[in-house]
**Q** 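I am attaching a structure below and will ask some questions about it afterwards.
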Amino acid sequence: MSVHQSSNIKRITTHILQEMKNRGEKISMLTAYDFSMAGIVDAAGIDIILVGDSASNVMAGHETTLPITMDQMIYHATSVVRAVKRAFVVVDIPFGSYQGNSSEALRSAIRIMKESGAHAVKVEGGSEIKESITRILSAGVPVMGHLGLTPQSIYKFGTYTVRAKEEEEANKLIADAKILEEAGCFAIVLEKIPAKLAKQVAETVSIPVIGIGAGGDVDGQVLVVHDMLGITQEFKPRFLRQYADLRTTMTEAVQNYITDVKAKNFPNESESY
Ligand code: KIV
């Protein structure tokens with residue numbers, strides 16, 4: 001099987017993602033929050049782009065994902081969608097815009113789809129948000145679930161450590177995954193849980209399971225693009241593989257520019273009119 005087996009596909013759809021799982025082709029997913037980065041990630045051949053609420057941390061510098069608003073998520077999503085030709089674009093519904101109120105969940109999902117042109121939404125949680133998921137799906141909006149470490153609930157957990165290590169939480173997670181599948185979610189993200197449990201979930205549900213810190217025995221992988229490119233500085237969890245050191249490259253480029261400006265080496269004659 002070719003590594004880039006699906007690279008000749010014109011547009012990734014939920015149907016194609018399901019086919020990838022069925023034939024054992026791993027699904028690649030990265031975040032993007034702006035036009036330039038989304039263009040690079042899409043042209044490189046990624047299957048899914050997540051406009052994650054991690055934009056709250058990465059783009060806005062907040063400590064958690066809680067402060068980001070619907071308007072801000074729609075701004076990021078709109079910029080990403082403008083750049084994307086092939087990838088399937090999923091947008092996080094931000095904290096406080098779907099929990100505990102299925103009418104608001106539906107309104108939020110419709111706003112995201114209508115105003116950004118994205119292809120699906122993602123929500124965090126299991127049984128607690130089943131009604132919201134059902135309501136969103138009733139409008140024909142594809143929903144991706146998110147279980148395990150769910151950063152919108154960080155103040156309930158208290159830490160960003162590995163979730164579902166104990167049997168009770170692991171059993172609830174498996175039950176929640178089944179609920180999300182039965183409700184009609186097209187895929188589930190599993191964040192920071194034991195690899196053995198993630199494998200069990202991927203074998204239990206028939207929809208694609210995408211992991212972040214969930215081991216290799218799931219149907220695909222997702223990372224925050226700024227983390228894997230080495231742009232973010234202090235976030236180095238065990239699950240993160242850094243594929244570049246862009247922070248160093250960018251810092252050196254900026255320092256070289258400053259040096260050239262101060263030394264009157266930039267611009268030169270060929271760079272002037
Ligand atoms: O917001 C985000 O970037 C996410 C990923 C970590 C899955 O939800």
Side-chain angles (χ1 to χ4, degrees), residues 17 26-34 37-38 41 46-70 72-77 79-80 87-99 108 112 116 118-126 129 133 142-154 157 159-164 173 176-177 180 185-193 198 201-202 207-215 218-229 231-232 235-242:
L17 295 168
K26 298 283 185 185
I27 297 166
S28 62
M29 171 164 155
L30 280 174
T31 63
Y33 318 105
D34 68 87
M37 187 69 88
V41 170
I46 205 80
D47 297 317
I48 304 177
I49 291 182
L50 172 66
V51 184
D53 58 359
S54 49
S56 178
N57 314 102
V58 178
M59 293 280 106
H62 291 298
E63 215 172 281
T64 72
T65 58
L66 275 66
I68 200 158
T69 66
M70 276 289 292
Q72 288 164 343
M73 286 304 295
I74 288 169
Y75 167 76
H76 287 298
S79 309
V80 166
F88 189 75
V89 180
V90 181
V91 180
D92 266 329
I93 308 187
F95 174 70
S97 309
Y98 62 95
Q99 298 100 329
S108 301
I112 288 171
S116 76
H119 310 134
V121 296
K122 178 163 82 58
V123 288
E124 296 182 6
I129 57 157
I133 292 173
V143 178
M144 177 180 264
H146 184 154
L147 298 171
L149 176 62
T150 47
Q152 291 182 6
S153 307
I154 186 57
F157 298 144
T159 73
Y160 286 100
T161 52
V162 180
R163 303 301 315 169
L173 190 141
D176 278 341
L180 295 183
C185 287
F186 74 90
I188 301 171
V189 165
L190 291 183
E191 181 165 353
K192 224 170 172 187
I193 63 166
V201 174
I207 55 175
V209 171
I210 319 275
I212 173 165
V218 286
D219 307 305
Q221 297 293 327
V222 55
L223 286 175
V224 168
V225 73
H226 289 68
D227 296 338
M228 60 84 77
L229 291 177
I231 297 173
T232 39
F235 186 68
K236 298 223 189 296
R238 171 180 165 150
F239 68 75
L240 174 65
R241 187 178 297 177
Q242 206 179 298

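Whatever order the structure lists them in is the order used to number ligands and atoms, beginning at 1. One is the number of the first residue; the rest follow in order along the sequence.
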**Q** Excluding sequence neighbours, so at least two apart, what forms salt bridge (charged side-chain N to carboxylate O under 4.0 Å, His left out) with Lys192?
**A** none
**Q** For atom 8 (O) of ligand 1, what's the nearest protein heavy-atom neighbour? Residue, atom name and distance, please.
**A**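 The closest one turns out to be Lys122 NZ, 2.9 Å.
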**Q** Any N or O of Glu124 that comes nearer than 3.5 Å to an N or O of ligand 1?
**A** no
**Q** List the atom of Leu173, the atom of Ala164, and the distance in Å for their closest heavy-atom pair.
**A** CD1-CB, 4.2 Å
**Q** Take the angle between the ring planes of Phe88 and His119 and call it parallel below 30°, perpendicular above 60°, tilted in between.
**A** tilted
**Q** Set out, in order, the CA-CA distance, both residues' side-chain angles and the distance that settles ring pair (Phe, Tyr, Trp, His ring centres under 6.0 Å) for His226 and Phe235, then state yes or no.
**A** CA-CA 10 Å; His226 289 68; Phe235 186 68; over 10 Å; no
**Q** Of the listed options (Pro94, Gly52, Ser54, Ser56), which comes nearest to atom 3 (O) of ligand 1 when hydrogens are ignored and any heavy atom counts?
**A**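 Comparing heavy atoms across Pro94, Gly52, Ser54, Ser56, the nearest one to atom 3 (O) of ligand 1 lies in Ser54.
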**Q** Out of all atoms in ligand 1, which are within 4.0 Å of some heavy atom of Ile212? Include the element for each.
**A**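 Those qualifying, in numeric order: 6 (C).
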**Q** Where on Thr65 is there a heavy atom closer than 4.0 Å to ligand 1, on the side chain, on the backbone, on both, or on neither?
**A**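 Neither part.
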**Q** Looking at every non-hydrogen atom in both residues, tell me the closest pair between Val121 and Val90 and how far apart they are.
**A** C-CG1, 3.8 Å
**Q** If we count only N and O atoms by modelled type, under 3.5 Å, do the side chains of Gln152 and Asp53 hold a donor and an acceptor together?
**A** yes
**Q** Counting each atom of ligand 1 from 1 as listed, which ones have a heavy atom of His146 under 4.0 Å away?
**A**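 In order of number, 8 (O).
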**Q** Would you please name every residue forming a side-chain contact (heavy atoms from CB on, under 4.5 Å) with Leu66, sequence neighbours left out?
**A**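 Only Thr64, Phe95, Ile154, Tyr155 meet the side-chain contact (heavy atoms from CB on, under 4.5 Å) criterion with Leu66.
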**Q** Among protein heavy atoms, which lies nearest atom 7 (C) of ligand 1, and at what distance?
**A** Leu50 CD2, 3.7 Å
**Q** Met29: heavy atom below 4.0 Å from ligand 1, yes or no?
**A**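 Judged by the 4.0 Å heavy-atom criterion, Met29 does not count as contacting ligand 1.
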**Q** Does either side chain, that of Thr232 or that of Asp227, offer a donor lying less than 3.5 Å from an acceptor on the other one?
**A** yes
**Q** Which ligand 1 atoms are under 4.0 Å away from a heavy-atom of Asp92?
**A** 1 (O), 2 (C), 8 (O)
**Q** Would you say Asp53 has any N or O atom under 3.5 Å from an N or O of ligand 1, going by distance alone?
**A** yes
**Q** With heavy atoms under 4.0 Å as the rule, classify the contact between Thr31 and ligand 1 as side chain, backbone, both or neither.
**A** side chain
